[in-house]
Amino acid sequence: MMKKGIFLLMAPLITGILLIPAFSQEDMEVVYCGSFTNKQRPPAIFRHDEHNEKAQIEDCSECHHIYEDGQKLEDESSEDQSCAECHDEKRDGQKPGLKKAFHTNCKGCHLERKKGPVMCGTCHVRS
Ligand code: HEC
Ligand code: HEC
Ligand code: HEC
Ligand code: HEC
């Protein structure tokens with residue numbers, strides 16, 4: 001009885017662990033952000049894990065950041081939230097609007113490192 005009880009408690013946890021990878025960032029090929037009201041471009045190419053490995057970005061908060069009182073928190077990250085959960089289409093004070101947030105993050109780093117695509121059509125690739 002005891003054993004079964006523990007198993008029943010564990011079951012959702014185990015299935016949870018087994019199921020997560022199927023929806024995780026490993027399989028991500030593009031940034032598909034469904035929060036733009038009038039989508040004009042094909043979603044931007046972004047093979048999440050492969051990209052970050054090649055670009056040697058180890059800190060998740062490089063993109064998934066958390067700010068408090070205008071300061072980026074060094075030891076915290078927000079990968080459990082989509083960019084659109086914090087960034088509205090319109091800018092809000094220091095918080096850039098959604099499109100700007102993506103472009104500043106992606107293109108900003110590519111320009112800074114002189115690596116990675118910066119032309120519209122090399123990110124928003126028509127398939
Ligand atoms: C170069 C930028 C960048 C870095 C670095 C990065 N991510 Fe992401 N990640 C993204 C973007 C962009 C999305 C899509 C967000 C959206 O849809 O709003 C995303 C989505 C995710 C998702 C959601 C996946 C899904 O399918 O919904 C998870 C989980 C995630 N990232 C985890 C991580 C972890 C863990 C790290 C650090 C090891 C990390 N990310 C580093 C850019 C990044
Ligand atoms: C938990 C909320 C939250 C999430 C999630 C979030 N942001 Fe932000 N972001 C902010 C806030 C708040 C600011 C304003 C920072 C300041 O006060 O200067 C900001 C600022 C920015 C800026 C301008 C400053 C900078 O770092 O260059 C960019 C670009 C940006 N976010 C991109 C993104 C992208 C891309 C994602 C998704 C991968 C994302 N943000 C996810 C809250 C968030
Ligand atoms: C912190 C820096 C940084 C950020 C942020 C970043 N990139 Fe990159 N990206 C790079 C570097 C560096 C390369 C070149 C990697 C190499 O080939 O050496 C690259 C390459 C790429 C490539 C070429 C193919 C590949 O995977 O190597 C694409 C496409 C790309 N980035 C898309 C994006 C998108 C979309 C975002 C925003 C969601 C983004 N990047 C954010 C640094 C960054
Ligand atoms: C480094 C990659 C990158 C480059 C270069 C880039 N974008 Fe984007 N762009 C993104 C990402 C990531 C998003 C948000 C995810 C998505 O596609 O839904 C986005 C979103 C957008 C959106 C809002 C969503 C939509 O489809 O309406 C528009 C419009 C847009 N980009 C136009 C452009 C134009 C025009 C250029 C060239 C001047 C450009 N982008 C260059 C990565 C890029």
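For ligands, and for the atoms within them, numbers begin at 1 and follow the listed sequence. Every heavy atom of this structure was used, including side-chain atoms; hydrogens, water molecules and symmetry mates were not.
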J.: Measuring from the heavy atoms of G93, does anything fall under 4.0 Å of ligand 2?
T.: no
J.: Side-chain donor-acceptor pair under 3.5 Å between T37 and E89, yes or no?
T.: yes
J.: Does the side chain of V31 reach to within under 4.5 Å of the side chain of P43, using non-hydrogen atoms?
T.: no
J.: Which atoms from ligand 2 have a heavy atom of Q81 less than 4.0 Å away?
T.: 1 (C), 5 (C)
J.: Just to verify, what does A55 make a side-chain contact (heavy atoms from CB on, under 4.5 Å) with, not counting sequence neighbours?
T.: H51, I57
J.: Before you tell me yes or no, could you show the steps for L98 and D88 under side chain to side chain contact (heavy atoms under 4.5 Å, CB included), namely the whole-Å CA-CA distance, both residues' side-chain angles and the distance that decides it to 0.1 Å?
T.: CA-CA 6 Å; L98 191 55; D88 293 332; over 6 Å; no
J.: Decide whether an N or O pair under 3.5 Å exists between Y67 and ligand 2.
T.: yes
J.: Mark up the atoms of ligand 2 that fall under 4.0 Å of a heavy atom belonging to G70, in ascending order.
T.: 17 (O)
J.: Nearest 0.5 Å please: distance from the CG atom of D92 over to the NZ atom of K95.
T.: 5.0 Å
J.: When you look at CD of Q81, are more than 12 heavy atoms from neighbouring residues, nucleotides or ligands closer to it than 6.0 Å?
T.: yes
J.: Check the pair S61, K72 against side chain to side chain contact (heavy atoms under 4.5 Å, CB included), reporting the backbone distance first and the verdict last.
T.: CA-CA 9 Å; S61 77; K72 192 175 145 191; 3.8 Å; yes
J.: Need the ligand 2 atom indices (1-based, order shown) with element for anything under 4.0 Å from a heavy-atom of S82.
T.: 5 (C)
J.: Got a second to check how far F46's CZ is from F102's CZ, nearest 0.5 Å?
T.: 9.5 Å
J.: At less than 2.8 Å, would any N/O/S atom of H64, backbone or side chain, sit next to atom 8 (Fe) of ligand 1?
T.: yes
J.: Would S24 count as a polar contact of ligand 1, with the cut-off being nitrogen or oxygen pairs under 3.5 Å?
T.: no
J.: Could you give the N/O to N/O pairs under 3.5 Å linking ligand 3 and the protein, each with its distance?
T.:
{"residue": "ligand 3", "atom": "7 (N)", "partner": "H51", "partner atom": "NE2", "Å": "2.9"}
{"residue": "ligand 3", "atom": "7 (N)", "partner": "H110", "partner atom": "NE2", "Å": "2.8"}
{"residue": "ligand 3", "atom": "9 (N)", "partner": "H51", "partner atom": "NE2", "Å": "2.8"}
{"residue": "ligand 3", "atom": "9 (N)", "partner": "H110", "partner atom": "NE2", "Å": "2.8"}
{"residue": "ligand 3", "atom": "27 (O)", "partner": "K54", "partner atom": "NZ", "Å": "3.1"}
{"residue": "ligand 3", "atom": "31 (N)", "partner": "H51", "partner atom": "NE2", "Å": "2.8"}
{"residue": "ligand 3", "atom": "31 (N)", "partner": "H110", "partner atom": "NE2", "Å": "2.9"}
{"residue": "ligand 3", "atom": "40 (N)", "partner": "H51", "partner atom": "NE2", "Å": "2.8"}
{"residue": "ligand 3", "atom": "40 (N)", "partner": "H110", "partner atom": "NE2", "Å": "2.9"}

J.: Find all atoms of ligand 2 within a distance of less than 4.0 Å from any non-hydrogen atom belonging to P96, and give their numbers and elements.
T.: 20 (C), 21 (C), 22 (C), 23 (C), 28 (C)
J.: H110 versus P117: any side-chain heavy-atom pair under 4.5 Å?
T.: yes
J.: At what distance, to the nearest 0.5 angstrom, does NE2 of H87 lie from CD of E85?
T.: 11.0 Å
J.: Nearest N/O/S atom of H87 with respect to atom 8 (Fe) of ligand 2, by atom name, please.
T.: NE2
